[in-house]
Amino acid sequence: MRLLNLADVLIDGKFIMSEKTLLLRFRGSKNQRMIDLKKTMESDGKTVYTFE
């Protein structure tokens, strides 16, 4: 939890070479999701995704 409190986002999902793209910010493949950690921690356990 200490580490998660220091981060703004968490990338979720395995990197898949066939889904690889350089167009996505902070992610390497299209199947990966970006979780907004601060909003998730404020939302009573509901995962909040960001699409920046």
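Please read all numbers here as calculations on a predicted model, not as lab measurements. All residue numbers refer to positions in the sequence shown, counting from 1.
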Measure from the side-chain N and O atoms of Q32 to the backbone N and O of G13, and report whether any donor-acceptor pair falls under 3.5 Å. yes
Is there side-chain contact between V9 and T50, with heavy atoms separated by less than 4.5 Å? yes
Partner residues of S18 under the side chain to side chain contact (heavy atoms under 4.5 Å, CB included) criterion, sequence neighbours left out: I16
Neighbour count above 12 (heavy atom, 6.0 Å) for K38 NZ: yes
Exercise: identify the closest heavy-atom pair between M34 and F26: SD-CD1, 3.7 Å
Of all heavy-atom pairs linking F15 and G28, the shortest is CE1-O, 3.4 Å
dist M41:CE -> I35:CD1 (nearest 0.5 Å) comes out at 10.0 Å
Hey, quick one: are Y49 and L10 part of the same hydrophobic cluster, counting side-chain heavy atoms closer than 4.5 Å, chains of contacts allowed? yes
Nearest-0.5 Å distance, OG of residue S43 to CG of residue D36: 9.0 Å
Could you list all the salt bridge (Lys or Arg N to Asp or Glu O under 4.0 Å) pairs where at least one residue sits in residues 10-22, not counting sequence neighbours? D12-R33
Contacts of type side-chain hydrogen bond (donor to acceptor under 3.5 Å, both in side chains), residue T47, not counting sequence neighbours: none
Linked, directly or transitively: F51 and L37 (ILVMFWY side chains, under 4.5 Å): yes
Heavy-atom closest pair (K30 atom, L24 atom, distance to 0.1 Å) is CA-CD1, 3.6 Å
